[in-house]
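Just so it is clear: chains get the letters A, B, ... in the order the sequence lines come, proteins before strands, and each one is counted from 1.
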Amino acid sequence: MVKEYDVREIEKKWIKKWADAKVFEASPDPEKKKFYLTVAFPYPSGSMHVGHGRTYTVPDVIARYKRMQGYNVLFPMAWHVTGSPVLGIAERIKKKDEKTLKIYGGLYKVPPETLANFTNPETIVKYFSNEYHENMVDMGYSIDWTREFLSITPQYSKYVEWQYAHLHEQNLIKMGEHPVRYCPSCNNPVGDHDLLQGDKAEVNDFTIIKFRMGDLILPAATLRAETIFGLTNMWVNPEVNYVKAKVDNETWVISKEAAEKLKYLNKKVEIIGEIKGSELIGKTCTDPLLKKEIPILPAVFVNPDYATGIVMSVPAHAPYDYIALKDLKSDLKPIVIIGEGRDAPAEKMIREMGISDQKDPKLEEATAQLYKEEHGKGHMSKWIKGYGGLAVRTAREKVAADLTGAGDADIFYEFSESPVVCRCGTRCYIKILKDQWFLEYGNTEWKEKTQECLKQMEIVPSELKQNFSYFIDWLQDWACTRRVGLGTRFPYDSKWLIEPLSDSTIYMAFYTISKHVKKIDAAKLTPEFYDYVLLGKGKSEELSKKSGVARAEIENIRAEFLYWYPLDWRLSAKDLVGNHLSFMLFHHTAVFPKDKWPKGIVVFGMGLLEGNKMSSSKGNVVLLSDAMRDNGSDAVRLFLMSNAEPWQDFDWRENLVKNTGRKLKQFYDQAYAASELKNDIPERDIDRWLISRIQEATERTNTALEAFQTRKAIQSAFFDLINDLMWYTRRCEPRTKTVKEFCDQWVRLMAPFTPCTCEELWEAMGHKDYISVAEYPISDPKKIDPIVDAKENMIKNLMEDIQHIMEISKIKPERIHMYLAPEWKRKAFALLRSCTPMKQIMSDPEMKPYGKEISQIMQKYRRDEIPELMLTLDEEYDTLKGAQKFLEKEFNAEIDLQKTPTKDPENKARFAIPQKPGIYIK
RNA sequence: GCGGGGGUGCCGGAGUGGUCAAACGGGCAGGGCUUAGGACCCUGUGGCGCAGGCCUACGCGAGUUCGAAACUCGUCCCCCGCACCA
């Protein structure tokens with residue numbers, strides 16, 4: 001009797017057994033080759049959903065596969081709890097924010113008494129890291145939990161400090177200025193998720209060009225510094241009250257709003273007077289580059305709350321300016337400075353778009369289009385001294401740099417759209433942080449080293465290697481410190497915390513030693529300690545004396561690191577390519593010698609739910625725990641791994657998951673039944689066929705898994721083989737020996753995907769060991785039998801043909817006659833296949849009588865259409881004879897097999913070719 | 001704009017020069033099994049065809065080739081990332 005497939009019961013049983021036997025705890029073993037892989041540790045600020053499920057199942061499948069191949073596999077896990085998002089969550093829970101309470105109390109099912117304590121951010125991350133841990137165990141992951149830690153574990157913090165000491169020593173960390181979105185009320189920089197409004201606003205850096213008007217300076221802000229050559233006038237809004245302000249040592253005329261903004265931009269600003277916009281109109285100022293007199297004209301489109309409130313007018317290249325001048329009936333002539341044409345491009349644009357006045361909304365579009373065109377393709381007009389012929393984008397930078405160098409320009413940061421409002425309701429500014437610490441990813445040498453690291457790595461999928469290279473080049477200095485959040489204090493300036501992405505760059509190395517280090521008092525874990533155990537610097541004897549850690553222990557830790565490192569594979573989601581994954585490469589090259597650099601990265605796609613993007617905040621997720629409760633973890637794993645390749649987006653569809661669960665039950669039932677089968681049938685072709693098929697499937701599965709193609713692997717190891725076994729049982733009475741051999745291999749093939757089910761079957765088959773550490777099947781080429789494969793294909797094709805004919809002719813057959821291809825035809829096909837010239841074929845006396853037919857055949861079949869492997873007449877006959885009963889049953893008709901046609905009323909024998917008998921149905 | 005990926009049947013998606021009207025999965029339809037079945041099995045699912053065949057298809061246009069879904073060029077469209085944030 002097949003034992004009932006009680007999924008959850010089986011899973012519980014094996015998960016406990018594994019834990020009790022410590023099957024997945026990995027220790028260095030010099031006898032075995034190591035395999036070390038990690039996956040990006042989770043930031044547990046909420047419950048685990050099926051998207052996370054896929055992220056962590058992929059490495060588990062690979063870990064299990066490699067373990068079964070005989071590798072000593074280390075697959076660790078830890079929790080990334082540093083950072084600020086939970087602070088916001090705690091804050092919102094404190095304020096009893098409805099949406100947040102709904103997500104945490106409802107969607108995540110946090111019990112009310114626990115939720116009440118969620119006002120403390122640390123409680124949140126600890127609660128959810130526990131939940132993650134439980135879920136991961138429940139999913140059957142083969143994680144070595146002895147290495148688990150939190151990113152705020154003191155021993156880990158000491159490790160982070162050690163890393164930063166190294167970076168500092170190498171001058172890769174610098175203090176500098178940095179513009180951030182900033183909330184004056186919270187007194188903190190704000191990220192996207194902290195914003196009520198304006199999360200799409202970018203920070204634009206304007207060049208402010210200082211125009212002089214006596215002692216006063218009119219600072220005009222522009223994104224197109226190169227257009228100073230086409231300047232005809234300035235724009236000032238006559239309806240706005242400007243201020244005179246002492247800015248550092250100069251006196252600027254700017255809008256009130258701009259004066260306020262400048263304070264955040266680290267200018268000393270003191271307002272000393274007011275001046276009406278209208279008072280400025282009609283005056284002139286001097287441009288700093290060409291020293292030309294520039295008239296100041298009125299324009300109402302000038303927004304005092306955008307940059308400085310003083311605008312340069314370049315009518316030839318700015319549609320707004322052109323129209324405004326026209327409206328004023330000014331006689332100022334546009335000056336073309338881009339390209340060699342005479343007519344103003346702005347004018348042309350306005351004409352083509354049919355824009356008539358300053359208020360036309362199409363002006364926006366015209367401006368954007370012209371900007372895009374000129375920025376992308378434009379070159380400065382030849383007549384411009386020093387800049388003529390330069391690409392616009394080059395000229396822009398050069399003008400800005402030249403003016404800044406001479407003290408005639410400055411930088412002004414402004415949002416691309418406004419307003420930007422903090423979650424607390426306060427309007428945000430752009431603030432320049434002065435003592436911000438940076439990781440110098442812009443450093444050329446560091447970049448080169450990182451590129452070198454990338455070059456020797458394997459990236460899956462390989463197309464992404466380019467992407468990585470691009471990101472490494474693109475990365476600039478990264479602000480690596482924060483004022484708020486959980487995390488490690490910055491060792492050189494304790495008012496700062498190390499930013500969460502910056503504290504998790506090389507933690508893969510920490511896993512290798514964490515189980516030892518966790519037991520040591522953090523105070524003893526000095527930089528010297530890590531220097532020794534990770535880099536081999538210093539002497540263990542001295543270190544032991546100084547730190548009080550036993551020398552043997554220190555050596556042991558060192559040995560463990562050396563055994564596991566470098567990291568073989570890093571797995572992570574797509575969205576981390578441009579930051580975390582690139583950082584990982586940067587930091588490895590900075591801290592570790594070349595032979596400890598990571599060897600490979602696998603990048604994952606995202607998850608969809610019933611075709612829509614998963615989103616916790618919108619409640620559009622399925623919790624992993626619910627999915628396991630409803631389907632069992634093996635079915636969840638199988639579905640996640642079979643729905644898409646790791647790097648593709650997968651789509652969680654309830655009905656597909658359910659189907660996968662049923663298919664899995666079928667697998668279980670079939671394999672279980674096999675273990676109880678008892679008969680003594682002699683081996684037949686069909687038995688050799690089934691065994692041959694599983695060898696081929698094994699080959700494909702291995703190839704796919706080596707390339708991380710879980711979907712392809714499951715296609716071969718699961719779906720194809722289910723179908724083969726089904727065909728086999730349809731085709732014949734199952735033979736015990738065959739089916740047992742098949743299932744023994746099959747269950748092992750499936751073990752990385754559905755480990756609990758496979759353990760249960762493995763036990764039922766009488767094995768005493770864990771399948772988790774049993775040998776992974778490799779294909780046995782001796783058992784691959786192309787002839788038997790060809791025979792079985794012939795039968796399948798034959799059945800299809802008969803089926804087809806039945807449908808077309810609408811005959812319900814009583815008798816089916818089959819005519820085999822005669823020997824001469826087989827020979828003719830063989831000769832055609834081997835490219836024998838017609839002349840030579842015809843010279844064969846055996847062929848001669850069939851000249852006409854042979855030339856017909858030649859016309860009809862191309863050489864490579866002819867099967868490579870040709871069965872003999874006898875083989876074909878015997879095969880069909882053997883399948884006769886089966887075919888009779890299938891078609892419920894008598895089969896008349898004719899080796900040489902005797903009764904052929906409709907001359908169907910002529911259709912016969914090798915492996916494709918002629919058919920006549922009555 | 002910059003960078004990356006992609007357009008195949010009713011759907012998801014295989015397939016990268018011939019054996020492709022297209023794996024596998026799903027949906028739908030018919031049949032079988034059955035007391036019944038949402039379980040399972042079989043068959044069908046571009047068009048035409050009273051015999052295993054023919055025709056038209058793989059975003060669009062052109063080209064290379066004996067032969068293209070696959071290669072080249074052009075073109076249209078879609079998705080993702082662009083930072084100080086996990």
Base, sugar-phosphate alone, or nothing: which one does A:Pro917 contact when heavy atoms must sit under 4.0 Å apart? base
P atom, B:rG1 versus B:rU8: distance in rounded Å? 24 Å
Is there a Watson-Crick or G-U wobble partner for B:rG25 with both distances under 3.5 Å, and if so, which one is it? B:rC11
Looking at every strand, decide which applies to A:Ile919 at a 4.0 Å heavy-atom threshold: base, sugar-phosphate, or nothing. base
In whole angstrom, give the distance that lies between atom CG of A:Leu581 and atom P of B:rC85. 19 Å
Taking any heavy-atom pair under 4.0 Å as a contact, classify A:Phe911: base, sugar-phosphate, or nothing. base
Check every atom of B:rG81, B:rC85, B:rC24 against the side chain of A:Gln715 and return the nucleotide holding the closest atom. B:rC24
Write down the partner of B:rG63 under the Watson-Crick or G-U wobble criteria, each distance required to be under 3.5 Å. B:rC71
What nucleotide, of B:rC42, B:rG49, B:rG27, holds the atom closest to the side chain of A:His804? B:rG49
What contact category does A:Met726 fall into here, base, sugar-phosphate, or nothing, at under 4.0 angstrom with non-hydrogen atoms? sugar-phosphate
Could you measure between the two P atoms, the one in B:rA69 and the one in B:rA57, and give it in whole Å? 9 Å
Give the rounded distance in Å between these two atoms: NZ of A:Lys922 and P of B:rA51. 18 Å
With the side chain of A:Gln648 defined as its heavy atoms from C-beta on, choose the nearest nucleotide among B:rC24, B:rG5, B:rA14. B:rA14
By the 4.0 Å heavy-atom rule, please label A:Asp651 as base, sugar-phosphate, or nothing. nothing
Between A:Ile811 and A:Asn723, name the one whose nearest nucleotide on RNA chain B is closer to the 5' end. A:Asn723
Nearest listed nucleotide, side chain of A:Asn655, among B:rG26, B:rG81, B:rA51: B:rG26
Looking only at atom C1', what distance separates B:rG59 and B:rC54, rounded to whole Å? 27 Å
Can the ring centroids of A:Trp647 and A:Phe708 be said to lie less than 6.0 angstrom from one another? no
Please report, rounded to the nearest Å, how far the P atom of B:rA23 is from the CD atom of A:Glu645. 18 Å
Just to be sure I understand the rule, does A:Gly918 reach a base, reach only the sugar-phosphate, or reach nothing, if contact means heavy atoms closer than 4.0 Å? base
Could you tell me how far B:rU56 sits from B:rC79 if I compare only their P atoms? Round to whole Å. 35 Å
Please give the distance between the P atoms of B:rA23 and B:rG9 as a whole number of Å. 13 Å
How is A:Phe438 classified with respect to the nucleic acid when contacts are heavy atoms under 4.0 Å: base, sugar-phosphate, or nothing? nothing
Taking NZ, NE, NH1 and NH2 as the nitrogens, is one of them in A:Arg482 or A:Asp503 under 4.0 Å from a carboxylate oxygen of the other? no
Rounded to whole angstrom, note down the P distance from B:rA36 over to B:rA51. 38 Å
Hey, are A:Glu792 and A:Trp727 close enough side-chain-wise for a donor-acceptor pair under 3.5 Å? yes
Nearest-nucleotide pick for A:Tyr470, side chain only, options being B:rG4, B:rA86, B:rG81: B:rG81
Pairing check on B:rC2: which nucleotide meets the Watson-Crick or G-U wobble criteria with it, both distances under 3.5 Å? B:rG81
Would you mind classifying the nucleic acid contact of A:Gln666 as base, sugar-phosphate or nothing, using non-hydrogen atoms under 4.0 angstrom? sugar-phosphate
Between B:rA51 (C1') and A:Met818 (CE): distance, integer Å: 14 Å
Over all strands shown, is A:Leu501 touching base, sugar-phosphate only, or nothing at heavy-atom distances under 4.0 angstrom? base
What's the separation between atom CD1 in A:Ile472 and atom NZ in A:Lys447, rounded to the nearest 0.5 Å? 8.5 Å
Of the candidate nucleotides B:rA23, B:rU43, B:rC50, which contains the atom at the shortest distance from the side chain of A:Ser809? B:rC50
Side-chain N or O of A:Lys712 versus OP1/OP2 of B:rG15: is the shortest distance under 4.0 Å? yes
If pairing requires Watson-Crick or G-U wobble contacts with both distances under 3.5 Å, which nucleotide is the partner of B:rC40? B:rG32
A:Pro500 side chain, from C-beta outward: closest of B:rG52, B:rA86, B:rG25: B:rA86
Does A:Arg730 put a side-chain nitrogen or oxygen below 4.0 Å from OP1 or OP2 of B:rC41? no
For a quick check under 3.5 Å, do A:Thr82 and A:His80 share a side-chain donor-acceptor pair by atom type? yes
Whole-Å distance, A:Trp478 CH2 to B:rC82 C1', equals 12 Å
If you check the A:Lys663 side chain, which of B:rG25, B:rG52, B:rC82 turns out closest? B:rG25
What is the nucleic acid contact for A:Lys574, judged by heavy atoms within less than 4.0 Å: base, sugar-phosphate only, or nothing? nothing
Roughly how many Å is it from CE in A:Met794 to C1' in B:rU19, rounded to a whole number? 18 Å
Could you state the atom-to-atom distance from CE of A:Met641 to P of B:rG12 in whole Å? 21 Å
Audit row: A:Phe586, A:Tyr441, ring pair (Phe, Tyr, Trp, His ring centres under 6.0 Å) steps and yes/no: CA-CA 8 Å; A:Phe586 269 98; A:Tyr441 296 140; 4.6 Å; yes
Is the shortest side-chain N to carboxylate O distance from A:Lys908 to A:Asp904 below 4.0 Å? no
Taking the C1' atom in each of B:rC66 and B:rG17, what is the distance between them to the nearest angstrom? 12 Å
So if I apply the ring pair (Phe, Tyr, Trp, His ring centres under 6.0 Å) rule between A:His587 and each of A:Trp478, A:Tyr507, A:Trp446, which one comes out positive? A:Trp446
Taking B:rC48 as the reference, what is the distance to B:rG63 when you measure between their P atoms (whole Å, please)? 31 Å
With a 3.5 Å limit on both atom pairs, tell me what B:rG46 is paired to, counting Watson-Crick and G-U wobble, or say none. B:rC55
Closest of B:rG27, B:rU43, B:rC50 to the A:Glu807 side chain is B:rU43
Any base atoms under 4.0 Å from A:Arg653, or only sugar-phosphate, or nothing? Heavy atoms, all strands. nothing
Side chain of A:Arg711 only, heavy atoms from C-beta on: which candidate in B:rG53, B:rC24, B:rA39 is closest? B:rC24
Regarding A:Asp575, tell me which of base, sugar-phosphate or nothing describes its non-hydrogen contacts under 4.0 Å with the strands shown. base
Distance, rounded to the nearest Å, where A:Leu475 contributes CG and B:rG81 contributes P: 17 Å
Can you check whether A:Ile919 reaches A:His817 side chain to side chain, under 4.5 Å on heavy atoms? no
Quick check: on RNA chain B, is the nucleotide nearest A:Leu656 upstream (toward 5') of the one nearest A:Leu798, or the reverse? Name the residue that is more 5'. A:Leu656
What is the nucleic acid contact for A:Glu499, judged by heavy atoms within less than 4.0 Å: base, sugar-phosphate only, or nothing? sugar-phosphate
Which value, rounded to the nearest 0.5 Å, describes the distance between A:Lys174 atom NZ and A:Cys480 atom SG? 12.5 Å
